[in-house]
S.K.: 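Sharing a structure, written as structure tokens. Questions coming.
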Amino acid sequence: MKDDSITEGELWTDNDRISYIGPSVEKTDKTFDREIDCKGNLLMPGLKNAHTHSSMTFSRSLADEYCLDDWLHKAIFPREAKLNAESIYWFAKLAYADYLAGGITSCFDMYFEKEANAKAAVETGFRHVFCGAANDFGGMKELEGYYESLNNYDPLVSFIYGFHAEYTTCEENLKKISELAHKYEAPVFTHISETKAEVDGCIKRYGCTPAVLFDRLGIFDFGGGGFHCVWFTDEDRDIFKKRGLWSVFNACSNLKLASGITPVYKFIEKDMNIAIGTDGAGSNNALSMFREMYLDTVLSNVETHNAAAVDPFTILKAGTTGGALCMGLKDCDVLAEGKKADIIMIDMKKPSMQPENNIVRNIIYSADNSVVKMTMIDGKILYEGGRYSTLDMDEIIRECGRLQKDLV
Ligand SMILES: [Zn+2]
């Protein structure tokens, strides 16, 4: 992922890690459980979904007629009040099935019932980074406990401080979150400047934008970042740049909820830390990083009248390496010896990947989930040729269908 060159060769994994990557080896004393002839297909780091609400799969295509405010208050909050551990568990598994089929090897997830979700993650073998979901309606008390428990739960699971958004979190609670960030010297993430109304409301309440407010409160003193960043001012970008904070883009969700278009090119011009997420299935409704990466590359063309406003390889890096570093997975960022074996295989025989004029551009501009041939996490193949090794799709569909009746 240093540049867009592609190397021919061989890759070995040993348990959860990459043990060799380089030119093909003619002879070795090593024995392998399995050898795969990749037949000219492409191995690359897994895609990282750096902002999502996994179990919101329950709300896919349920309320597509609202802008953000009405969507949250009329369609989503009343139904989320009915979610329980069982529904979170099964709808998380539905999301994992979607992620694995789309080459996603880890997610940065803000939602509820984290213990039930963690159980689903470990059973699936999925690398799940939880983000705190505190706001004035709940989650504040649990923040510190989650930090301790989920960071010691399983190597596949971790937890980073976070809160829902400025408009759902009062100043007193924001100050408590800042205290936690200082106590643990920990990063904090939140939804930020997703809609114009959110920014206008914050200016009315505090006389400044959410990024300025959080910066003033010391919330970002140990890093972190924000999801969406659609309505950032130049000053907001300066704060994020100065502190090395992560801006996570969610183009599909922003378009669908009529929130706006993030000027991705402005973040790249400043050489800021960027990552990409799908947001939840209720507001997207797909959980495809290919669709996100396409939009994050082309949408800037509209404002700039420049067909090369955003470099496709920069976006591919944001969707892989950037996402990993954003969510604290420093061993999942690239394919190299000693790194975690979180690897996907792209099927170069798919029509959308041919001809091979430029493989990176094929991935960004013409690929979709169907090009994913294999998804490996922590050295285990969880998805291969359309089949799951740890998920039973029939069971997931049956359980989600049953639970859906209570929620809708
Ligand atoms: Zn979100």
Side-chain angles (χ1 to χ4, degrees), residues 48-60 62-64 66-73 75-77 79-80 83 88 91-92 95 98-99 104 106-114 117 128-139 159-169 177 187-199 202 210-211 214 224-232 245-262 274-289 291-292 295-296 318-319 323 326-327:
K48 312 296 187 297
N49 187 352
H51 176 57
T52 186
H53 313 275
S54 298
S55 296
M56 282 194 89
T57 42
F58 86 87
S59 64
R60 173 178 280 144
L62 182 65
D64 297 319
Y66 299 114
C67 291
L68 182 74
D69 199 50
D70 279 349
W71 178 76
L72 274 176
H73 289 95
I76 298 302
F77 287 157
R79 280 160 178 138
E80 283 183 337
L83 288 170
I88 291 286
F91 285 103
D98 218 343
Y99 296 158
I104 295 170
S106 52
C107 71
F108 194 13
D109 176 287
M110 180 191 277
Y111 222 46
F112 324 113
E113 300 282 356
K114 295 186 195 301
N117 197 331
H128 192 112
V129 181
F130 289 97
C131 183
N135 60 24
D136 295 344
F137 316 110
F159 176 87
I160 292 175
Y161 281 122
F163 58 100
H164 177 253
E166 179 275 326
Y167 60 95
T168 52
T169 316
I177 290 162
V188 179
F189 284 80
T190 185
H191 291 105
I192 191 166
S193 300
E194 180 175 356
T195 64
K196 187 165 184 302
E198 173 198 336
V199 176
C202 186
F214 302 152
F227 312 122
H228 299 288
C229 312
V230 180
W231 293 91
F232 262 18
L245 304 173
W246 289 91
S247 302
V248 182
F249 305 136
N250 307 95
C252 288
S253 171
N254 300 147
L255 289 172
K256 186 156 176 296
L257 292 176
S259 304
I261 293 174
T262 309
I274 58 170
I276 296 167
T278 61
D279 213 357
S283 63
N284 186 322
N285 301 351
L287 299 174
S288 169
M289 286 290 286
R291 199 153 94 167
E292 299 296 331
L295 289 172
D296 283 331
C326 164
M327 53 178 105

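Just so it is clear, the structure is predicted and the values come from calculations on it, not from any experiment. Whatever order the structure lists ligands and atoms in, that order sets their numbers, starting from 1.
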S.K.: Taking all non-hydrogen atoms of both residues into account, name the closest pair between E166 and C202 and its distance.
M.R.: OE1-CB, 3.5 Å
S.K.: Where is the tightest heavy-atom contact between L295 and A251, given as atom of each residue plus distance?
M.R.: CB-CB, 3.8 Å
S.K.: Please name the residue in the list E194, H73, K256 that meets the side-chain contact (heavy atoms from CB on, under 4.5 Å) test with L68.
M.R.: E194
S.K.: Ignoring water, what protein N, O or S atoms are under 2.8 Å from the Zn ion (ligand 1)?
M.R.: H51 NE2, H53 NE2, H191 NE2, D279 OD1
S.K.: Set out, in order, the CA-CA distance, both residues' side-chain angles and the distance that settles salt bridge (Lys or Arg N to Asp or Glu O under 4.0 Å) for R60 and D98, then state yes or no.
M.R.: CA-CA 12 Å; R60 173 178 280 144; D98 218 343; 2.8 Å; yes
S.K.: So if I apply the ring pair (Phe, Tyr, Trp, His ring centres under 6.0 Å) rule between F108 and each of F227, Y99, F159, W246, which one comes out positive?
M.R.: F227
S.K.: So which heavy atom on W231 is nearest to which on T195, and how close?
M.R.: CD1-C, 3.3 Å
